[in-house]
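Take a look at the structure set out below.
Order of appearance sets the numbers: ligands from 1, and atoms from 1 within every ligand.
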Amino acid sequence: MSIIVLNDIVKYYEKGSKTNIFYALRGIDLTIDKGEMVAIMGTSGSGKTTLLNILGMLDNPCDGEYVLDGQTIKNLKGKDICKLRNKKLGFVVQNFALLDNTSVYDNIAIPLEYAKVDKKQRRILITSMLKKLGIEDKIYDKPKNLSGGQCQRVAIARALVNNPDIILADEPTGALDKNTTKEILEIFKNLNLEGKTIIIVTHDENVAKECDRIIRIEDGLLI
Ligand SMILES: Nc1ncnc2c1ncn2[C@@H]1O[C@H](COP(=O)(O)OP(=O)(O)OP(=O)(O)O)[C@@H](O)[C@H]1O
Ligand SMILES: [Mg+2]
């Protein structure tokens, strides 16, 4: 069963004037099944993050249709989009985007606060997530004092703590060495075995070949 359907998705940016338009996505058709693990590959500037942001409902397409788990996004109100995003999607952004001076605990608590999870339940969820990712001893440390691999784990923990069906990860191993990359990839593979749908943007062929399918994007078009 498909969990994500994109029909002819277009994204353009106006550069200063209405006549100077840059097309980042030029008509993307894509279907992803529930439980699939998919890699998105393409050169720098090809549109990978733009595509992922649209999949994550962090950005709106200019044209085309996005159907997420049977719901057409265009027909939803802002409030319902937030709810849907919070419930269904976990996002691991490019370069972690952690609050550097805020503890690991508080970083991971952010999506739970949005979801109005009470404090006691928050603690249970955060502790178990940190255990799962093997960084429970870093719970009160600040990201600025952690290694790249540890920060990546915190970013993954934050994306997962709401137990989303779909995990979107933008270059989750981009800044990591070979061994840490393998460990992070293992985490994603285990989540996939648990039934999560996983979409990973990567430049690394070794990461991509561990996925069920590789999607290649060039100049805003799938090839
Ligand atoms: N807000 C914006 N305004 C104008 N142009 C943009 C904007 N965001 C992205 N672009 C352009 O859209 C194109 C695709 O950008 P995108 O970030 O999706 O690339 P990418 O494939 O993720 O690249 P990388 O591998 O370097 O992360 C680029 O040419 C970029 O300059
Ligand atoms: Mg990018």
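Remark: ligand 1 and Ser46 share an N or O pair separated by less than 3.5 Å (distance only, no angle test).
For an aromatic pair to be called close, the ring centres must be under 6.0 Å apart, and Tyr12 with Tyr23 satisfies this.
With respect to the salt-bridge test (charged N to carboxylate O, under 4.0 angstrom), the residues Glu194 and Lys132 qualify. Between Arg213 and Glu36 there is a salt bridge, since a side-chain N of the basic residue sits under 4.0 Å from a carboxylate O of the acidic one. Between Lys11 and Asp59 there is a salt bridge, since at least one side-chain N of the basic residue sits less than 4.0 Å from a carboxylate O of the acidic one.
Using a 3.5 Å distance cut-off with no hydrogens or angles, the side chains of Lys87 and Asn162 do not pair a donor with an acceptor. Residues Thr50 and Asn53 have side chains that never bring a donor and an acceptor to within less than 3.5 angstrom of each other. Between the side chains of Asp33 and Ser2, no donor-acceptor pair of N or O atoms lies under 3.5 Å. Residues Thr180 and Glu183 bring no donor and acceptor atom of their side chains to less than 3.5 Å of each other.
Numbered from 1 in the order shown, with element, the atoms of ligand 1 that lie under 4.0 Å from a heavy atom of Thr49 read 17 (O), 18 (O), 20 (P), 22 (O), 27 (O). Taking every non-hydrogen atom of Phe22 and a distance limit under 4.0 Å, the qualifying atoms of ligand 1 come out as 11 (C), 12 (O), 13 (C), 29 (O). Here is the list of ligand 1 atoms found below 4.0 Å of a heavy atom in Ala24: 12 (O). Every atom of ligand 1 is numbered from 1 in the order shown, and the set under 4.0 Å from a heavy atom of His203 is 25 (O).
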With a 3.5 Å cut-off and sequence neighbours excluded, list the donor-acceptor pairs that the side chains of residues 109-119 form with protein atoms.
from, atom 1, to, atom 2, distance (Å)
Asp118, OD1, Lys120, N, 3.1
Asp118, OD1, Gln121, N, 2.9

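Listed by chain and number, Thr49 OG1, Gln94 OE1 are the protein N/O/S atoms closer than 2.8 Å to the Mg ion (ligand 2), with waters left out.
Taking atom 27 (O) of ligand 1 as the reference point, the nearest protein heavy-atom neighbour is Gln94 NE2, 3.1 Å. At the shortest separation from atom 25 (O) of ligand 1 among protein heavy atoms lies Lys48 NZ, 2.7 Å. Looking only at heavy atoms of the protein, atom 26 (O) of ligand 1 is closest to Ser44 OG, 2.6 Å. Atom 5 (N) of ligand 1 has Tyr13 CD1, 3.3 Å as its closest protein atom, hydrogens excluded (heavy atom only).
Of all the listed residues (Thr50, Leu51, Asp59), Thr50 holds the heavy atom that lies closest to atom 18 (O) of ligand 1. Distances from atom 13 (C) of ligand 1 to the heavy atoms of Gly174, Gly47, Gly220, Gly45 put Gly45 nearest.
Summarising the geometry of Tyr140 relative to Arg123, their closest heavy-atom pair is OH-NH1, 3.0 Å, with the distance given to 0.1 Å.
Tyr66 pairs in a side chain to side chain contact (heavy atoms under 4.5 Å, CB included) with only one of the listed residues (Asn7, Leu55, Asn60), which is Leu55.
The part of Thr43 lying near ligand 1 is the backbone, judged by heavy-atom distances below 4.0 Å.
Here the NZ atom belonging to Lys77 is positioned 13.0 Å from the SG atom belonging to Cys82, to the nearest 0.5 angstrom.
Look at Gly42 and you'll find every heavy atom at least 4.0 Å from all atoms of ligand 1.
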